[in-house]
*Asks:* 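The structure under discussion is supplied below as C-alpha cells; questions concerning it will follow.
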Amino acid sequence: MIHNKETIPQRPAPKGTIGPVAWLRGNLFNGPINSIFTLLGLYVLYLLVVPTVQWAFIDANWVGDSREDCTRVGACWVFVNARFSQFMYGLYPSEEYWRANIVFAMFAGIIAWMVIPRLPFKRWMTLFALLIFPVIAYVLLHGGYFDLPRVSTHRWGGLMLTLLLASVGMIGALPIGIVLALGRRSNMPIVKTFCVIFIEFWRGVPLITILFMASVMLPLFLPSELNVDRLIRALIGLTLFQSAYMAEVIRGGLQAIPKGQDEAAAALGMTYWKRMGLIVMPQALKMMIPGIVNTFISLFKDTTLVMIIGLFDLLGIVQAALSDSRWLGFSVEGYVFAAFVFWIFCFSMSRYSQYLERKLNTGHKH
Amino acid sequence: MTQAATNTSDTSASDLMVEMHNVNKWYGDFHVLRDIYLEVKRGERIVVCGPSGSGKSTLIRCINHLEEHQKGEIVVGGLPLTQDVKRIEQIRRSVGMVFQHFNLFPHLSVLENCCIAPMWVQKKPRKEAEALAMEYLERVRIAEQATKYPGQLSGGQQQRVAIARSLCMHPDVMLFDEPTSALDPEMIKEVLDVMVELAEEGMTMICVTHEMGFAKTVADRVIFMDQGQIIEENAPEPFFNNPQSERTQLFLSQILGH
C-alpha cells in the first residue's frame with residue numbers, strides 16, 4: 001500500500017508558536033511556578049541594578065582633582081581619574097610615558113591583528129610577536145639604549161606590569177606545558193619521572209610561596225655578583241608554576257584523543273614528533289581551549305600576587321594609592337575600578353575562546 | 001597498482017612481500033599469537049578470518065609494528081622488522097593500513113587527510129601531493145567531497161577516503177583490519193567494490209574480514225585462525241566447500257548458516 005505518492009510541501013508553523021510573545025510564554029511564563037520565579041528574578045534584578053546604577057553613574061562625581069570635588073553621595077571616580085596614569089604605568093616616570101604607550105599600542109595592534117580573521121600574514125605576525133616585539137618592548141620600556149634613559153624594573157607597574165606578567169606567563173607556560181604533558185605520557189622512564197616530579201612539585205606549592213622564595217630565598221643561594229632582576233625572578237616563578245597546571249590540562253586533552261588517531265598516523269610512517277605535531281596535538285589543543293583559557297584567566301588574576309614581593313601590578317598600585325592620606329576612604333571605587341579592568345580582560349579572553357571553539361569545530365566525530 | 005610496482009622493484013628482488021616466521025606474542029600472560037608462520041607473495045590476496053579474539057587483528061597489526069611481537073621474525077619487503085624506530089618507520093611507509101573505525105583525521109579535510117603523509121613523510125611539494133590525492137580520491141569515487149571534513153561523510157565514504165589516504169603513500173602491501181565491520185549494511189558494498197578493484201589491479205592485500213563473498217571472489221588464500229593459531233589455510237574454493245578442521249567447519253557453519 002502506498003501512503004503518499006508526492007512529498008508533502010513545507011507549510012508555515014501554526015500561529016502562536018513563533019515570535020517574541022510566544023517565546024515569553026514558552027520560556028518565562030509556562031506555568032505558575034515558572035511565572036513566579038520569573039517575577040521574583042525580575043524583582044531581585046530591580047533591587048540590585050537600580051542602586052548600583054544610581055551609585056556608579058547617576059550620583060557619581062567624574063571631574064575634579066581632589067577629594068573636595070566629591071559629594072560622597074555616589075561613586076567618586078575623581079580618585080580613579082586623578083590616579084589613572086599611575087594605575088596604568090605604576091611608578092614609571094611620567095615624561096617617559098610615551099615609551100610605554102608605544103608598547104601598549106603595538107601590543108593592542110598585535111592582538112587585534114591575530115584576532116581579526118580577515119587580516120593576512122598571521123604566521124609572520126606570530127613570529128614578529130614572539131621574537132621581535134619582546135626585544136622592542138624591552139628596549140623601549142627598559143631604556144639604556146639609543147639615548148633612552150634607563151627605567152629600572154622596580155618602577156614598572158600598574159596595568160603595564162599586569163599585562164607583561166600575564167603575557168609572558170601565558171606564552172611561556174603553553175609550550176613548557178606541552179612538553180611536560182608529552183613527557184609525562186612518554187615511555188621513557190627518566191623523562192617521565194622528571195616530568196612527574198616537576199609537575200607535582202610546582203602544583204603542590206602555593207604561588208605566593210614560589211614568588212616569595214624567588215625573591216627572598218634565591219638571592220641567598222646565588223652568588224652575589226649574579227644579581228637576577230626581581231621582575232625576571234617573578235616571571236620565571238610564575239611561568240613554571242603555570243606550566244605545571246597547563247601540563248595537566250594538556251594531558252587531559254591528550255587522553256581524550258582516541259588511540260586510533262596516533263595509530264593511523266603511525267601506520268602512514270610518521271615519526272613521533274610529526275604524529276604529535278600534526279595529528280594529535282592540533283585535535284587535543286582544540287578540545288582543550290576551554291581548559292587552556294581557564295588557566296590563562298586564572299594566571300591573569302594570579303599576577304596580582306606579585307604584590308607580595310613588592311612589585312606593583314594594577315591591584316597593587318590601586319591598593320598603594322588607597323593608603324595615600326589625601327584619598328583615604330575611597331577603597332570601594334579603587335577596587336571596583338581594578339575589578340572592572342580585570343573583568344574586561346578576562347571576559348574578552350573567555351569570549352574569544354568561545355569564538356575559537358565555534359570556528360575550529362569541523363563536525364568533530366571520531 | 002603500477003606505481004607501487006615501480007616503487008619497489010629496486011628495493012627487493014625477493015618475491016615474498018611479508019614473511020612471518022614462528023611469530024609469538026603475549027599480552028601479559030595471555031598468549032595471543034602462537035607460532036604464526038605466514039608467507040605472502042607479491043600480488044597475493046590473503047583473507048584472514050576466525051572468531052573474535054582469535055588474534056587476527058593482532059596478527060596484521062604486528063606486520064607494521066602497531067603491536068610488538070615478542071618472539072619470531074617478521075620480514076616486510078625483504079627488510080627484517082626490528083626494534084629500530086627508523087626501520088619501523090621505513091616499513092610503515094611501504095605498508096598501508098585501513099582500520100575498522102576508519103581513523104581519519106577529523107581536524108583535516110578529506111584532501112588534507114590524503115596529502116598529509118605524502119607531504120610530511122615523503123616531503124612531496126603540496127601541489128604534487130594534492131594532485132596525487134585527487135587522483136586516488138577519484139579512484140575511490142569520492143573526489144567531489146575533497147573539501148569536506150570526515151565528520152560530514154557517511155561511514156562508507158569515510159572508509160573509502162581512508163583507503164585513498166593509504167594508497168597515496170604507494171604502499172607495497174595493504175592491510176585491512178575489518179574494514180566493513182563498523183559500516184551500515186547498505187554501505188558495505190561501496191567499500192568492497194573499491195577493495196575488489198584494488199585486488200584486480202594486483203595490490204598485495206591482507207584482509208581481516210567476515211565478508212565471505214569478498215573472500216570467495218578475490219582471495220588467493222583464506223586463512224582461518226583460532227586461539228592465536230593458524231588452523232587452516234587453503235584456496236577459497238576448497239576452504240569453503242571442503243574445510244578440513246572441525247573448528248573451521250564449526251566457524252563456517254556459524255557465519256554462513258543463517
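So you know, we letter chains A, B, ... as the sequences are listed, proteins then strands, and number each from 1.
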*Asks:* Rounded to the nearest 0.5 Å, what separates atom CD1 in A:I279 from atom CG in B:N103?
*Replies:* 11.0 Å
*Asks:* Of all heavy-atom pairs between B:R165 and A:A264, which one has the smallest distance, and what is that distance?
*Replies:* NH2-CB, 3.5 Å
*Asks:* With no hydrogens and no angle check, is any side-chain donor or acceptor of A:Q261 less than 3.5 Å from a backbone partner on B:L104?
*Replies:* yes
*Asks:* Kindly check if the number of other-residue, nucleotide or ligand heavy atoms within 6.0 Å of CD1 (A:I190) is above 12?
*Replies:* no
*Asks:* Quick one: side chain to side chain donor-acceptor pair (under 3.5 Å) partners of A:N30, sequence neighbours excluded?
*Replies:* A:N34
*Asks:* May I ask you to check whether over 12 heavy atoms, not counting those of B:Y27, lie within 6.0 Å of atom OH?
*Replies:* yes
*Asks:* How about residues 176-186 of chain A versus chain B: which residues have heavy atoms under 4.5 Å apart?
*Replies:* none
*Asks:* Is it the case that atom CH2 in B:W120 sees more than 12 heavy atoms from other parts of the structure closer than 6.0 Å?
*Replies:* no
*Asks:* Where is the tightest heavy-atom contact between A:A266 and B:L66, given as atom of each residue plus distance?
*Replies:* CB-CD2, 4.1 Å
*Asks:* Chain A heavy atoms under 4.5 Å from B:R61: which part of the residue, side chain, backbone, both or neither?
*Replies:* side chain
*Asks:* So, B:H107 side chain and A:L360 main chain: donor-acceptor pair closer than 3.5 Å or not?
*Replies:* no
*Asks:* Give, as side chain, backbone, both or neither, the part of B:F105 having an atom under 4.5 angstrom from any heavy atom of chain A.
*Replies:* both
*Asks:* Applying side chain to side chain donor-acceptor pair (under 3.5 Å), name anything that partners B:K124, two or more places apart in sequence or on another chain.
*Replies:* B:Q122
*Asks:* Between B:I116 and A:K274, is a side chain to side chain contact (heavy atoms under 4.5 Å, CB included) present by the stated rule, with each step listed?
*Replies:* CA-CA 10 Å; B:I116 194 155; A:K274 280 178 189 148; over 6 Å; no
*Asks:* Sequence neighbours excluded, which residues qualify as side chain to side chain donor-acceptor pair (under 3.5 Å) partners of B:R93?
*Replies:* none
*Asks:* Please check if the side chain of B:N64 supplies one atom and the backbone of A:A267 the other of a donor-acceptor pair under 3.5 Å.
*Replies:* no
